[in-house]
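Let me begin by presenting the structure, written as C-alpha cells, before commenting on it.
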Amino acid sequence: MRSVPRGRLIVFEGGEASGKSTQAARLAAQLGAVLTREPGGTDTGKRIRELVLDPGAPAIAPATEALLMAADRAQHVAEVIEPALAAGTDVVTDRYVPSTLAYQGFGRGMDIDGLRRLSKDFADAVEPDLVVLLDVPASVAAERLRGRDRMEAAGDDFHARVAEGYRALAGAEPHRWVVVDGAGSVDEVAARVRDAVDAWLSSKG
Ligand code: TMP
C-alpha cells in the first residue's frame with residue numbers, strides 16, 4: 001500500500017485585530033486546505049473558547065488559562081489537525097502553539113519551556129511547517145478592534161509583551177516564520193501573504 005505524503009501545517013499568528021482570521025480563510029481557500037482555529041476548532045473547543053474568552057468570566061489564574069488552551073489544543077490535534085495531515089490534506093489554522101508562548105509565556109510570564117512541553121507532550125502538537133505572523137502596529141489594531149473579549153481587555157502592557165514575544169519567536173526560527181506587514185487593505189495584505197507563502201513553497205522545491 002502506498003502512503004500519501006503528509007499535508008502541510010500553516011499557522012497564522014498575530015495580536016488582536018491583526019486581520020489574521022480573514023487572511024487565514026483566504027489562503028486556505030487558495031490552497032484547498034482545511035481551515036481551522038484555536039481556541040474553538042472542535043465542539044469541545046468551542047465550549048472552552050466561550051469559557052476562556054468570556055469578559056464576564058470570574059478571574060482565571062494564568063495556569064488555568066494555559067491548561068484550558070492546552071486542552072483545546074489536545075482535542076484540536078486529535079480530532080482535526082492530525083487526521084487531515086495524515087490524509088495528505090494541508091491545514092491552515094488561525095492560532096496554534098505560538099499563541100500560548102506569546103500570550104501565556106511572554107504576556108502572563110509563564111515558563112516558555114514548560115509551555116512548549118505542555119503542547120508537545122500532552123497535546124501531541126506537531127511542529128508547524130510555516131508560521132505567518134501578521135504584524136500590525138498597535139495603533140492600527142486599536143482602530144480595528146470593536147468588541148472586547150477577556151484577552152483583548154487585558155491592557156496595553158500585556159499586549160505590548162505579546163507583540164514583543166511574537167517578534168522574539170519569529171527571530172529565533174527564521175526558517176519557519178515569515179513576518180508579513182498587516183497594515184493596509186485586505187487585498188493588499190492577502191497579496192503579501194501569498195507572495196510570502198509562494199516564496200516559502202518554492203524554497204521547499
Ligand atoms: P482570536 O482567535 O479571536 O484572535 O482570539 C483568541 C484569543 O485567545 C486571543 O486573545 C489569543 C488568545 N489565546 C491565548 O491566549 N493562548 C492560546 O494558546 C490561544 C490559541 C489563544
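Both ligands and their constituent atoms are indexed starting at 1 by order of listing. Atoms considered below: every heavy atom in the structure, side chains included; atoms not considered: hydrogens, waters and symmetry mates.
Proximity of Glu152 to ligand 1, defined as any heavy-atom pair under 4.0 Å, is not found for any part of the residue. Both the backbone and the side chain of Glu38 come within 4.0 Å of ligand 1, counting heavy atoms alone. When heavy-atom distances to ligand 1 are checked against a 4.0 Å cut-off, Val52 has no atom that comes that close, whether in backbone or side chain.
Atoms CG and CG, from Leu115 and Leu67 in turn, are 9.0 Å apart once rounded to the nearest 0.5 Å.
Between Asp157 and Arg161, none of the side-chain N atoms (NZ, or NE/NH1/NH2) sits under 4.0 Å from a carboxylate O, so this pair counts as no salt bridge. For the pair Arg192 and Asp195, the salt-bridge criterion is not met [side-chain N within less than 4.0 Å of a carboxylate O]. Classification of Lys120 and Asp113 as a salt-bridged pair fails, no side-chain N sitting under 4.0 Å from a carboxylate O.
Atoms of ligand 1 found under 4.0 Å from any heavy atom of Ser99, numbered from 1 in the order shown, are 16 (N), 17 (C), 18 (O), 19 (C), 20 (C), 21 (C). With ligand atoms numbered from 1 in the order given, ligand 1 contributes 18 (O), 20 (C) to contacts under 4.0 Å with heavy atoms of Arg73.
Shortest non-hydrogen contact noted between Ala57 and Arg150 is CB-CD, 4.2 Å. Between Tyr103 and Phe158 the shortest heavy-atom distance is O-CE1, 3.6 Å.
No side-chain donor from either of Arg37 and Ser21 sits under 3.5 Å from a side-chain acceptor of the other.
Nearest protein heavy-atom contact of atom 10 (O) of ligand 1 is Glu16 OE2, 2.8 Å. Of the protein's non-hydrogen atoms, Leu53 CD2, 3.8 Å is the one closest to atom 7 (C) of ligand 1. Of all protein heavy atoms, the one closest to atom 18 (O) of ligand 1 is Thr100 OG1, 2.5 Å. Of the protein's non-hydrogen atoms, the one nearest atom 14 (C) of ligand 1 is Met69 CE, 3.3 Å. The shortest contact between atom 15 (O) of ligand 1 and any protein heavy atom is with Gln104 NE2, 2.9 Å.
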Test salt bridge (Lys or Arg N to Asp or Glu O under 4.0 Å) applied to Arg6 and Glu82, step by step: CA-CA 10 Å; Arg6 274 175 74 81; Glu82 189 51 39; 2.8 Å; yes

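Considering only non-hydrogen atoms, atom 3 (O) of ligand 1 lies nearest to Arg49 out of Arg95, Arg49, Arg37.
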